Amino acid sequence: MIIDVIMPKMGESLQEGTIIKWTKKVGEKIERDETILEISTDKVDTEVPSPVTGILKSILFKENDTVEVGTKIAEIETDTDAKINLGKNEVLTKQTQSTDANVNNIKLNNIESEVKETLVEEKNQQPVVNNFSNENLVDVVMPKMGESLQEGTIIKWTKKVGEKIERDETILEISTDKVDTEVPSPVAGVLFEILAKENDTVEVGKVIARISAGKFSANSTQVLTEATPSIKNNVDEKNQIENLQPSVTGNEQSEIAIPKNYDIPFRDGEHFFSPLVREMAKQNKVSLEELKSIIGSGSDGRITKEDLLKFINSRKEIATPAKVEPRVVESKLDNNLTISNEIKVNKQEFIESNAKTLVNETNSNYEINPIFKAAGDYEVIHMERIRQLISEHMTRSKSTSAHVTSVAESDVTEIVKFREKYKNEFFKKYGFKLNYTPFFALATVEGIKQFPNVNVGVDGNNIIKFKHINLSIATALDDGNLIVPVIKNAEQLNLIGIASQIYDLSSKARNKKLNPEDIQGGTFSVTNVGTFGTLFGTPVINQPQTAIMGIGAIQKRPVVKEIMGNDLILVRNMAYISITYDHRVIDGMLAGQCLFAIKNALEAMNENTLQI
């Protein structure tokens, strides 16, 4: 099986990368996740790992070549012995062709007998597995989503056993205390086996699924994997499919224009359609134009199975609107509440039932701590796993580090003037808005350069002093959670470089597109609490780091300034900045010196020292 290696995308605004060095030669054996080349962009140098175990078959671009993102740059042969069993392949081909022929003969009017035969022969509901070669199985492992994380929880499998999968198509969603993310398929093929259930917590590196990259019958995959454990449900499949068809008869048929384009491609412009969606659309006569009109609820606006079912059902309702008859409720009681001329209910029952709805619908089986009941009506909200883990992480940090916070005030008037003057030019040139966080991040780097002993970690009785400044930038997500992606080697970047990195990482974070390496290796954190109007904060240290800087809101305040020996009251743009540090390894003097170095760096920034 030939697996393509493509030029990866290393940032939202980057469209190409340069090959620095090939670490493997053609013909050499490669392990999964082993580095095969090094690439460079204007923002980052990184290594590219192999998606599978195999042999490097071909290299399509030389070192120092600049290649567009998404272009194939190499090929890997997954058959490491490079031996082909022709007889075995012939049998496999015949089996596949036979399966194709059988599936093509399945009709809706005899689906009951076909499903019964399938269930007798395949008890485990995996009828297409026998058509695959075990030699072409590719393991899907639980990815490492952070340096300190050793496990992840499976939120949802977006694919079922037997379903066809495209390369880089999402197959499951996982959660850790740092990130919720989607896991893409490393290869194109069919989901052969799922080894961990939803809500299972799995160690990093453990195999959670296997994908067959061998030949398969697409038709058999689609039809047979739709089978459910119950024979009754499979027999009802015919009725379900027929019920999804829009009912159009008589005069309605002449009034409704039926689109003719039912050939649904895998991708149409910005629209991506999964194999399941395409097959459902084909069976239910949903055209390409209709599909493109559906607003998808999946990642990047993709149309899910549920989205399409809602569309099909709504189309049926429009074609054959249901008649709703009002229900008359008779009551012998005088205490009645008239809702309409024909509907009456008991007033007291109506009030009591609605008063209890909020509690009963939330969690009728949950018994809360009695102390909360004294507050009156309440709603029980189950804490999401990511919120539980954040809670545990913050509590552990407070119990691990001796937290101390120091605060200073900085005059950032010149920064405000610079941003106001150049923000429109900056947006036209770079395509994103210039906010204040990059200025504070740049000043933080300058402070750490002067006092590098705050850029440390604790390992038992040893202090780990880092040679590079990797800034962790706290990013608030739309769902209220928080994630902290990392700007690597920030000491090598200027204002534009830091601003670009912050924009790229925050965009990826909010779209759940962060890679594991994007949240690893942080040595010092920065959080902008002033975004929400907070004057200053005392943030919790992001373990295993030992310091975090807080940025307060910028406000105009009257300030006393000495000018030519005279004290003058001036209106200036001021901001509080804070540093929370681990007193186990950072003393107050060192923290204060670093904080005032950051303050001085901020006040030294102006139109003469900054450039875009």
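What you are looking at is a predicted structure, and each value in this text was computed from that prediction instead of being measured.
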> How far apart are the closest heavy atoms of Pro186 and Ile211, and which atoms are they?
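Taking Pro186 first and Ile211 second, the nearest heavy atoms are CD-CD1, 4.0 Å.
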
> Does any non-hydrogen side-chain atom of Leu291 lie less than 4.5 Å from one of Leu308?
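Result yes, sub-4.5 Å side-chain heavy-atom pair found.
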
> Using only heavy-atom distances, determine whether the side chains of Ser185 and Glu169 contain a donor-acceptor pair under 3.5 Å.
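Side-chain D/A pair, Ser185 to Glu169: absent.
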
> Checking Phe427 now: which residues fulfil ring pair (Phe, Tyr, Trp, His ring centres under 6.0 Å) with it, not counting sequence neighbours?
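In terms of ring pair (Phe, Tyr, Trp, His ring centres under 6.0 Å), with neighbours along the sequence ignored, Phe427 is linked to no residue.
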
> Please name the residue in the list Thr527, Thr531, Asn528 that meets the side chain to side chain donor-acceptor pair (under 3.5 Å) test with Thr437.
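Between Thr437 and the candidates, side chain to side chain donor-acceptor pair (under 3.5 Å) is satisfied uniquely by Asn528.
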
> In sequence, state the C-alpha distance, the side-chain angles, and the governing distance for Leu60 and Val5, and then conclude on side-chain contact (heavy atoms from CB on, under 4.5 Å).
CA-CA 10 Å; Leu60 305 180; Val5 180; over 6 Å; no

> Indicate yes or no for a side-chain donor-acceptor contact from Glu198 to the backbone of Trp157 under 3.5 Å, with no hydrogens or angles considered.
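Indeed, once roles are kept as given, a pair shorter than 3.5 Å links the two residues.
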
> For the residue pair Val484 and Ala474, what are the closest heavy atoms and their distance?
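Smallest interatomic distance, heavy atoms only, reads CG1-N, 4.0 Å.
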
> Quick one: pull up CD1 in Ile498 and CD1 in Ile502 and give me the separation to the nearest 0.5 Å.
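That separation rounds to 6.5 Å.
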
> Tell me if a side-chain donor or acceptor on Arg419 pairs with a main-chain N or O of Leu434 at a distance below 3.5 Å.
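Between the backbone of Leu434 and the side chain of Arg419 there is a qualifying donor-acceptor contact (under 3.5 Å).
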
> Counting C-beta onward and ignoring hydrogens, is there a side-chain heavy-atom pair between Val48 and Pro8 closer than 4.5 Å?
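A side-chain contact under 4.5 Å exists here.
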
> Would you confirm whether Lys513, through its side chain, and Ser507, through its main-chain N or O, come within 3.5 Å as a donor-acceptor pair?
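Not a single qualifying donor-acceptor pair exists.
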
> Is any side-chain heavy atom of Ile2 less than 4.5 Å from a side-chain heavy atom of Thr78?
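No, side chains not in contact.
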
> So, taking the atom named CE in Met383 and the one named CD1 in Ile390, what distance separates them when rounded to the nearest 0.5 Å?
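Separation between the atoms: 10.0 Å.
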
> Only one of Ile208, Val207, Val52 forms a side chain to side chain contact (heavy atoms under 4.5 Å, CB included) with Asp139, so which one is it?
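Running side chain to side chain contact (heavy atoms under 4.5 Å, CB included) over Ile208, Val207, Val52 with Asp139 returns exactly one hit, Val207.
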
> For Phe432 and Phe426, take the angle between the two ring planes, folded into 0 to 90°, and tell me which bin it lands in: parallel under 30, tilted 30 to 60, perpendicular over 60.
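Taking Phe426 first and then Phe432, their aromatic rings stand perpendicular (interplane angle over 60°).
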
> Quick check: does any side chain N or O of Asp518 sit under 3.5 Å from a backbone N or O of Asn515, one acting as donor and the other as acceptor?
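Looks like yes, one N/O pair under 3.5 Å.
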
> With side chains defined as the heavy atoms from C-beta onward, is the minimum distance between Phe192 and Val138 less than 4.5 Å?
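With C-beta onward as the side chain, the pair stays apart.
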
> Considering only heavy atoms from C-beta outward, does the side chain of Ile155 approach that of Ile174 to under 4.5 Å?
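Not in contact.
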
> Is it true that atom CD of Glu68 has more than 12 heavy atoms of other residues, nucleotides or ligands lying nearer than 6.0 Å?
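Atom CD in Glu68 is not packed in, count stays at 12 or less.
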
> Please give me the minimum heavy-atom distance between Ile76 and Ile36, naming the atom from each residue.
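So the two residues come closest at CD1-CD1, 4.5 Å.
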
> I'd like to know if the side chain of Glu163 and the backbone of Val190 have a donor-acceptor N/O pair within less than 3.5 Å.
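Pair absent, no side-chain N/O of Glu163 close to backbone of Val190.
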
> Scan side-chain atoms only and decide if Thr66 and Thr18 contain a donor-acceptor pair under the 3.5 Å cut-off.
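Yes.
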
> For Ala509 and Leu477, which heavy atoms make the closest approach, and how far apart are they?
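Nearest pair, atom of Ala509 first, then Leu477: O-CD2, 3.6 Å.
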
> What verdict does the side-chain contact (heavy atoms from CB on, under 4.5 Å) test give for Val140 and Arg210, after you've listed the backbone C-alpha separation in whole Å, the side-chain angles of each residue and the deciding distance to 0.1 Å?
CA-CA 6 Å; Val140 179; Arg210 292 189 174 93; over 6 Å; no

> Whether the side chain of Ser500 engages the backbone of Ile496 through a donor-acceptor N/O pair (distance < 3.5 Å, no angle test) should be reported.
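Flag set: sc Ser500 to bb Ile496 pair under 3.5 Å.
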
> Say whether, by atom type as modelled, one donor and one acceptor occur between the side chain of Tyr503 and the main chain of Lys433 under 3.5 angstrom.
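Side chain of Tyr503 to backbone of Lys433, a donor-acceptor pair under 3.5 Å: no, none is there.
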
> Just how far is it from atom NZ of Lys159 to atom OG1 of Thr170, taken to the nearest 0.5 Å?
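Rounded to the nearest 0.5 Å, the NZ-OG1 separation comes to 9.0 Å.
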
> Counting only N and O atoms by type, is there a donor-acceptor contact under 3.5 Å from the side chain of Lys488 to the main-chain atoms of Gln520?
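Yes; judged by distance alone, with no hydrogens or angles, the pair exists.
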
> What's the separation between atom CD in Glu173 and atom CD1 in Ile154, rounded to the nearest 0.5 Å?
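That separation rounds to 11.5 Å.
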
> Check whether any side-chain heavy atom of Ile6 lies under 4.5 Å from a side-chain heavy atom of Asp168, and answer yes or no.
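A side-chain contact exists here, since the closest heavy-atom pair is under 4.5 Å.
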
> Quick check: do Leu514 and Leu505 have side-chain heavy atoms less than 4.5 Å from each other?
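Touching, per the 4.5 Å side-chain cut-off.
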
> With a 3.5 Å cut-off and no angle check, do the side chains of Thr475 and Ser506 form a donor-acceptor pair?
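No donor-acceptor contact under 3.5 Å links the two side chains.
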
> What's the separation between atom CD1 in Ile294 and atom CZ in Phe311, rounded to the nearest 0.5 Å?
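It is 5.0 Å, given to the nearest 0.5 Å.
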
> Could you state the interatomic distance from CE (Met280) to CD1 (Ile312), rounded to the nearest 0.5 Å?
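Nearest 0.5 Å value for the CE-CD1 distance: 4.5 Å.
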
> Measure the shortest side-chain to side-chain distance between Pro143 and Val141 over non-hydrogen atoms and say whether it is less than 4.5 angstrom.
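When only atoms from C-beta onward are counted, Val141 and Pro143 do not touch, as no gap falls below 4.5 Å.
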
> Specify the closest pair of heavy atoms between Ile612 and Tyr430, including all atoms of both residues, with the distance to one decimal.
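Of all heavy-atom pairs spanning Ile612 and Tyr430, the closest is O-OH, 2.6 Å.
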
> Salt-bridged, Arg167 to Asp4, with N to O below 4.0 Å?
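No, Arg167 and Asp4 are not salt-bridged.
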
> Does any N or O in the side chain of Glu290 come within less than 3.5 Å of the main-chain N or O of Ser287, such that one atom is a donor and the other an acceptor?
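At least one qualifying donor-acceptor pair exists.
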
> Considering only NZ, NE, NH1 and NH2 on the basic side and carboxylate oxygens on the acidic side, decide whether Lys197 and Asp200 come within less than 4.0 Å.
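Salt bridge present between Lys197 and Asp200.
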
